Amino acid sequence: MQPTLDTVFAALSDPTRRQILTMLLEDDMAVTDVAEPFEMSLAAISKHLVILTRAGLISQEKRGRVKWCKLEPDALRDASIWMQGFGQFEAINLDAFERFLEQELHEDSP
């Protein structure tokens, strides 16, 4: 099943998940290492990882007894192409883009 643009943006909407993706830019990481800098349970981090996996943004692989996470940067391609259609967003700033979308949604609602 191919993740939709909505699924990718929903996964990117959470700052914890964006931080996880940033961490995975460096290298593959064990789930326990991903969880270490966060003040939340391993179960909570696992839920974030499931969302990122369903969106196709990361993959998970079991190596021995350890589960590893790997960034899948190609999953951002469709979202990046869609955002490039907005000329006012030179560099992709997801926080600014989120504010823009919120403003647009509020203007369109009755």
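All figures in this text were calculated on a predicted structure; none of them were measured in a lab. Residue numbers run from 1 in the order of the sequence given. Just so you know, these numbers use all the heavy atoms, side chains as well, and skip hydrogens, waters and symmetry mates.
Rounding to the nearest 0.5 angstrom, the gap separating the CD atom in Q19 from the OG1 atom in T22 is 7.0 Å. We find the SG-CD distance between C69 and Q60 to be 4.5 Å, quoted to the nearest 0.5 Å. One distance of note links CG of L24 with CD of E26; it measures 10.0 Å at 0.5 Å rounding. If you take CE on M29 and CG on L49, they are separated by 10.5 Å, rounding to the nearest 0.5 Å.
In the hydrophobic clustering of this structure, L76 groups with L25; members are Ile, Leu, Val, Met, Phe, Trp, Tyr whose side-chain heavy atoms approach within less than 4.5 Å, directly or through other members. Note: the hydrophobic cluster containing V50 does not contain I20 (ILVMFWY, side chain heavy atoms under 4.5 Å, direct or indirect links).
Across every non-hydrogen atom of V66 and A30, the tightest pair is CG1-CB, 3.6 Å. Residues A10 and S13 approach most closely at O-OG, 2.6 Å, considering heavy atoms. Considering every non-hydrogen atom in both A11 and L52, the closest pair reads CB-CD2, 4.2 Å. Among all heavy-atom pairs drawn from V8 and A75, the shortest one is CG2-O, 4.1 Å.
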Report task. Could you walk me through whether L71 and L57 pass the side chain to side chain contact (heavy atoms under 4.5 Å, CB included) test, one step at a time? Result -> CA-CA 6 Å; L71 182 68; L57 295 168; 5.6 Å; no

Query raised in the report: Which is it for E72 and T53 under the side chain to side chain contact (heavy atoms under 4.5 Å, CB included) test, yes or no, and what are the steps along the way?
Result: CA-CA 9 Å; E72 296 294 341; T53 301; over 6 Å; no

Requested in this report: Apply side chain to side chain contact (heavy atoms under 4.5 Å, CB included) to R17 and L12, showing your working.
Outcome: CA-CA 6 Å; R17 292 192 288 269; L12 294 172; over 6 Å; no

Query raised in the report: When you look at R54 and I51, which way does the side chain to side chain contact (heavy atoms under 4.5 Å, CB included) test go after all the steps?
Result: CA-CA 5 Å; R54 285 185 183 152; I51 291 167; 5.7 Å; no

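Although no hydrogens or angles enter the test, the distance criterion places no donor-acceptor pair under 3.5 Å between the side chain of S80 and the main chain of R77.
Side-chain contact check for V31 versus W68: every heavy-atom pair is 4.5 Å or farther apart. Residues M23 and P37 form a side-chain contact, since some pair of their non-hydrogen atoms from C-beta on lies under 4.5 Å apart.
The number of heavy-atom neighbours closer than 6.0 Å to CD of E61, taken from other residues, nucleotides and ligands shown, is above 12.
Only one option out of T16, V34, I58 pairs with H48 in a side-chain contact (heavy atoms from CB on, under 4.5 Å); it is T16. Here the options are K70, K67, R63, the test is salt bridge (Lys or Arg N to Asp or Glu O under 4.0 Å), and the partner is D28; only R63 passes.
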